[in-house]
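Along the sequence shown, residues are numbered consecutively beginning with 1. Atoms considered below: every heavy atom in the structure, side chains included; atoms not considered: hydrogens, waters and symmetry mates. In each ligand, atom 1 is the first atom listed, and ligand 1 is the first ligand listed.
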Amino acid sequence: MKVIKVKDYNELSKVACEIFVKEIKKNPSLTLGLATGSTPIGLYQNLIKEYEKGNISFKDVKTFNLDEYCELERSHPQSYYTFMHENLFSKIDINLDNVHLPRTDGTDLEKLAKEYNELLLQNQIDLQVLGIGSNGHIGFNEPGTSFDQETFVVELTQKTREDNKRFFNSIDEVPTHAITMGIKNILAAKKIVLLASGKAKAEAIYKTVKEQPTPDVPASALQLHPDVTIIVDEEAGALL
Ligand code: PGA
């Protein structure tokens with residue numbers, strides 16, 4: 001794994017954007033794996049600027065998001081579908097037919113997870129961006145998830161629901177389940193960039209980079225992948 005240490009969130013977002021711009025220029029019809037959460041917002045803002053300057057186009061880009069909450073309609077303000085539209089898709093020239101997030105709006109969630117997995121098997125991701133949970137999760141692959149796990153319906157841990165409650169009125173409103181790409185799907189990407197900012201991520205980053213890979217720290221599976229870049233700011237990289 002290649003680790004890039006930068007000063008702060010601003011620089012992290014710029015360095016991540018440079019990697020994305022380079023790959024999009026190399027292959028304007030590439031397939032991106034995208035993430036939600038606070039961390040990639042700066043990357044998306046920088047990509048929007050590059051698009052506005054005419055440096056890149058998303059016209060032929062395909063995207064697959066890591067995960068989506070169950071129990072929320074796509075139109076819910078906190079759905080990841082809404083997040084992606086507000087933070088990226090509505091501000092670039094992407095064809096919305098090329099945008100994919102797990103559907104979670106049916107009664108048979110297992111079937112919906114299987115359908116998303118099939119789509120991923122048919123579309124290899126060229127460049128995947130990841131955040132990391134304070135418990136080491138990637139996507140919603142919580143500690144204990146097998147590295148062979150494919151897309152599935154996951155029950156969210158209390159820790160993850162606590163971490164995400166800032167976006168809701170109360171913890172009771174945070175969904176209890178999500179559909180997420182599994183670790184196996186994530187490892188199938190050609191190139192992976194993980195971003196981590198802030199001291200809450202320092203311990204998870206240390207375990208991801210320095211300790212033996214273990215399902216207890218889902219992000220440590222990335223050690224098994226040949227092309228991973230981890231970009232950390234000073235606080236997230238403080239223990240390295
Ligand atoms: P965050 O979430 O970017 O909001 O910190 C990351 C994650 O939980 O994967």
Side-chain angles (χ1 to χ4, degrees), residues 6 8-17 20 32-47 64-70 72 77-84 86-88 101-102 125 128-145 149 151-152 154-168 171 173-183 185-187 189 192-209 215-222 228-239:
V6 298
D8 54 19
Y9 180 69
N10 229 350
E11 204 182 326
L12 174 142
S13 303
K14 281 195 188 133
V15 173
C17 180
F20 270 67
L32 295 177
L34 299 178
T36 51
S38 312
T39 313
I41 290 178
L43 161 66
Y44 298 154
Q45 287 171 346
N46 279 285
L47 285 173
F64 287 85
N65 262 77
L66 283 170
D67 44 22
E68 177 62 285
Y69 285 124
C70 300
L72 302 184
Q78 297 307 334
S79 77
Y80 288 164
Y81 182 86
T82 300
F83 176 101
M84 289 310 303
E86 284 179 353
N87 289 291
L88 186 64
L101 287 94
I125 289 171
Q128 173 74 54
V129 62
L130 298 174
I132 183 169
S134 60
N135 62 4
H137 76 199
I138 44 175
F140 274 131
N141 292 278
E142 302 284 17
T145 308
Q149 181 68 56
T151 311
F152 70 119
V154 63
E155 181 172 359
L156 303 179
T157 60
Q158 191 60 16
K159 174 89 185 96
T160 293
R161 293 182 70 231
E162 289 284 344
D163 282 353
N164 289 0
K165 81 165 184 235
R166 64 192 191 278
F167 300 112
F168 295 84
I171 182 92
E173 287 183 17
V174 184
T176 56
H177 290 76
I179 290 181
T180 183
M181 279 190 204
I183 293 175
N185 304 108
I186 293 171
L187 293 179
I192 299 175
V193 176
L194 183 144
L195 310 177
S197 168
K199 58 178 184 296
K201 305 294 172 68
E203 199 181 325
I205 285 295
Y206 176 82
K207 290 179 177 166
T208 297
V209 176
D216 293 341
V217 183
S220 67
L222 299 175
V228 175
T229 301
I230 298 189
I231 311 177
V232 289
D233 65 7
E234 270 174 12
E235 287 188 345
L239 302 177

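Heavy-atom contacts of Gly37 reach the following atoms of ligand 1: 3 (O), 4 (O) (cutoff under 4.0 Å). Of all atoms in ligand 1, numbered sequentially from 1 with element shown, those under 4.0 Å from a heavy atom of Arg166 are 4 (O).
More than 12 heavy-atom neighbours from other residues, nucleotides or ligands sit within 6.0 angstrom of CD on Gln78.
Put simply, the side chain of Asp8 never gets that close to the backbone of Asp233: no donor and acceptor are under 3.5 Å apart. In terms of modelled atom types and a separation under 3.5 Å, the side chain of Glu68 and the main chain of Tyr80 share a donor-acceptor contact. Using a distance-only test at 3.5 Å, with no hydrogens or angles considered, a donor-acceptor pair links the side chain of Asn185 to the main chain of Gly182.
Scanning all protein heavy atoms for the shortest distance to atom 5 (O) of ligand 1 gives Lys201 NZ, 2.6 Å. Nearest non-hydrogen protein atom to atom 3 (O) of ligand 1 is Thr39 OG1, 2.4 Å.
In terms of polar-atom proximity, defined here as any N/O pair under 3.5 Å, His137 does make such a contact with ligand 1.
Residue contacts with ligand 1, taken as heavy atom pairs separated by less than 4.0 Å, do not involve Lys159 at all. At a 4.0 Å heavy-atom cut-off, ligand 1 touches Ile132 through the backbone alone.
Residues Leu12 and Val232 fail the side-chain proximity criterion, which asks for heavy atoms closer than 4.5 Å.
Closest to atom 4 (O) of ligand 1 by heavy atom, among Ala196, Ser38, Ala236, Ser134, is Ser38.
Ion pairing between a basic and an acidic side chain is recognised when a charged N comes within 4.0 Å of a carboxylate O; Lys165 and Glu162 show such pairing.
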